[in-house]
Amino acid sequence: MMAEYAAPRGTRDILPAETQKWQYVESVFRDMCALYGFEEIRTPTFEHTELFVRNLGETTDVVSKEMYNFETKGGRKLTLRPEGTAPTVRAYVTHNLGAVLPVNKVYYIARIFRFERPQAGRYREHTQLGVEVFGSIDPALDAEVISFAAGFFREVGIDQFELKLNTIGCPKCRPEHRKALLDFVESRLGDLCETCRDRYERNPLRMLDCKEERCQAALTDAPVMIDYVCEECRDHFAKVRAYLTEMAIPFVLDNKLVRGFDYYTKTAFEFVSGELGAQNAIGGGGRYDNLVEEIGGAPTPAIGFGLGLDRLLLTLDAMQVQLPLQPRNAVFVAGLGEAGHEAAVKTVCGLRKNGVAADMDYTGRSLKAQMKVANKLGARFVVIIGDDEIAGDTVTLRDMSSSEQKSLPTSELVEYIKSR
RNA sequence: GCGGGAGUAGCUCAGUUGGUUAGAGCGCCAGGUUGUGGCCCUGGAGGUCGUGGGUUCAAAUCCCAUUUCUCGCCCCA
């Protein structure tokens, strides 16, 4: 039983029984994107390492310890994409999409790679569905992206989730908050965990959402961004909240919410599901108004959202949501004996040529065994062809749900099935 | 990187204080219908008990190592 090879740690095979669900969710996502005006973009699976190192932030967990890096023979450093936004921005800049349209709205379905210890809902290779909007700082767009996300979750069957919302300011107002935070923490540095003492030096904002109890206790009254944001950010955030309220999208303000990458500005949000164990974040996103410029494009405000498809499906499973998967609705052709088999090959070929999904047996089984296979495949009709049928140039057609059976001329088969 | 749990048939698992040919349910195959699915009945195939070593007359069972999976911490989707 122990096969010689297994899928590498943190990866897994998605078998046909599961891919149906994946395709369904992806199609809901694509439909939703069409409704909101997002068009698909596909970027390479790997990018230059520098793209991620410089733009996600060197101190982030992803960059400092979770990237799949490799070198080409020529010594170029490449990395399997650990997130979807930076590559999308890179493509936007590479092709100067800002010159084509004032506002560009794109979506992607991409495999993401992070070298972490796998556990429930966390894989080294996972799939993210995401959208990005370039070219406007209108808070209505923040609300649109968030409502897109919330709408998508509901559409696919998840109505139990919490939307956490925060603003993390901009380069104008962040330094002031940072200074206040450092001042506040300085005297309590001893109470913090080792990681946070390190963060104090390298990435103070991240101390705020540390999960360590001692840190949470020590930082209860720490200065939060919302009290330090500049007028523009405060105004922007107020409008986002107003839009969401108007759209009847419930949210919870979380002034300790900090996103994992350095490029975020202003609006930050996260969707949390209680159905998953430790990995409860099913999606998240935020604004990144300076990233396009940092990557080399013209100053262009932008906002995006990404969700983990693997986790979404786990959540749907945990919630026992029944997805409306389409039955196969195909025709199975059962041939009896050698002549019947030959006739079946011809019949299947003819059905397919006319756009009717059809399949047959290739293992020389008895009619009974072929019927069982047809049943298991969920065939709607079974066409039976034996010596009797061949002699009269007819086929026997069995409706698998009603068990009704009738004989009809071979020449009428395709038309009859198409009319059903 | 750190900590817990588990590896017995395709799947989910049982296996009593170590003791003959290692079991069940589901699935699979065949028969019960000389050409007919779902339900039912009967039979069958399928396992070097993760791997290596040790203890013992005897190991799926005890000990050690190793490996894989899994859950959690950190962090994220």
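All figures in this text were calculated on a predicted structure; none of them were measured in a lab. In what follows, chains carry the letters A, B, and so on, assigned in the order in which the sequence lines appear, proteins first and then strands, with residues in each chain numbered from 1. What you see below is based on every heavy atom in this structure, not just the backbone, and it leaves out hydrogens, waters and symmetry mates.
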Contact class for A:Arg111 vs. all strands (heavy atom < 4.0 Å): base, sugar-phosphate, or nothing? nothing

With a sphere of 6.0 Å drawn around CD of A:Glu71, does it hold more than 12 non-hydrogen atoms of other residues, nucleotides or ligands? yes

Would you indicate what A:Arg81 reaches in the nucleic acid, counting non-hydrogen atoms under 4.0 angstrom: base, sugar-phosphate, or nothing? nothing

Closer to the 5' end of RNA chain B via nearest nucleotide, is it A:Asn280 or A:Glu404? A:Glu404

May I have the distance from A:Gln370 (atom CD) to B:C29 (atom C1'), rounded to whole angstrom? 15 Å

Checking all strands, does A:Asp310 fall into the base, sugar-phosphate, or nothing category for heavy-atom contacts under 4.0 angstrom? nothing

Paired nucleotide for B:C28 [Watson-Crick or G-U wobble; both distances under 3.5 Å]: B:G44

Tell me, please, whether A:Phe184 has A:Arg188 positioned over its six-membered ring: NZ or CZ under 6.0 Å from the ring centre and within 45 degrees of its axis? yes

Distance under 6.0 Å and angle within 45° of ring axis: A:Arg124 vs A:Phe115: yes

Distance under 6.0 Å and angle within 45° of the ring axis: does A:Arg12 meet both against A:Tyr123? yes

Determine the Euclidean distance between corresponding P atoms of B:A65 and B:U70; express it in Å to zero decimal places. 23 Å

What integer distance in Å separates A:Arg122:CZ from B:C75:P? 11 Å

Applying the salt bridge (Lys or Arg N to Asp or Glu O under 4.0 Å) test to A:Glu47, which of A:Lys77, A:Arg81, A:Arg54, A:Arg90 qualifies? A:Arg90

Applying a 4.0 Å non-hydrogen cut-off, can you work out what A:Gln405 is touching in the nucleic acid: base, sugar-phosphate, or nothing? base

Nucleotide of B:C75, B:G72, B:G38 approaching A:Ser403 most closely (side-chain heavy atoms): B:G38

Quiz question: going by heavy-atom distance under 3.5 Å, is there a donor-acceptor pair between the base of B:G27 and the side chain of A:Lys376? no

Mind checking A:Gly337 for me? I need base, sugar-phosphate or nothing, with any heavy atom below 4.0 Å counting as a touch. nothing

Taking atom types as they are modelled, is there a donor-acceptor pair under 3.5 Å from the base of B:G35 to the side chain of A:Ser366? no

Hey, does A:Glu83 reach any base, or is it just sugar-phosphate, or nothing, if we go heavy atoms under 4.0 Å? nothing

Which is true for A:Lys372 with a 4.0 Å heavy-atom rule: it touches a base, it touches only sugar-phosphate, or it touches nothing? sugar-phosphate

Looking at every strand, decide which applies to A:Ile384 at a 4.0 Å heavy-atom threshold: base, sugar-phosphate, or nothing. base

Taking atom C1' in both B:C57 and B:G15, compute the distance separating them and give it to the nearest angstrom. 23 Å

Would a 4.5 Å heavy-atom cut-off, applied to side chains only, mark A:Thr396 and A:Lys406 as touching? no

Whole-Å distance, A:Arg117 CZ to B:C69 P, equals 10 Å

Reckon A:Ala120 touches a base, only the sugar-phosphate, or nothing at all at heavy-atom distances under 4.0 Å? sugar-phosphate

Is it the case that the side chain of A:Asp361 and the backbone of A:Gly364 share a donor-acceptor pair, with hydrogens and angles ignored and the cut-off at 3.5 Å? yes

Closest contact, heavy atoms only, A:Gly260 versus A:Thr60: O-CG2, 3.2 Å

RNA chain B contacts among residues 256-273 of chain A, heavy-atom distance under 4.0 Å: A:Arg259, A:Gly260, A:Phe261

Heavy atoms under 4.0 Å, any strand shown: does A:Arg398 hit a base, just sugar-phosphate, or nothing? base

Measure the distance from OH on A:Tyr108 to C1' on B:A77 and round it to the nearest whole Å. 10 Å

Checking only heavy atoms, does the side chain of A:Gln119 share a donor-acceptor pair with the base of B:U70 at less than 3.5 Å? no

Could you check how far CG of A:Asp388 sits from P of B:U34, rounded to whole Å? 14 Å

Gap between atoms CG and C1', on A:Leu367 and B:G37 respectively (whole Å): 9 Å

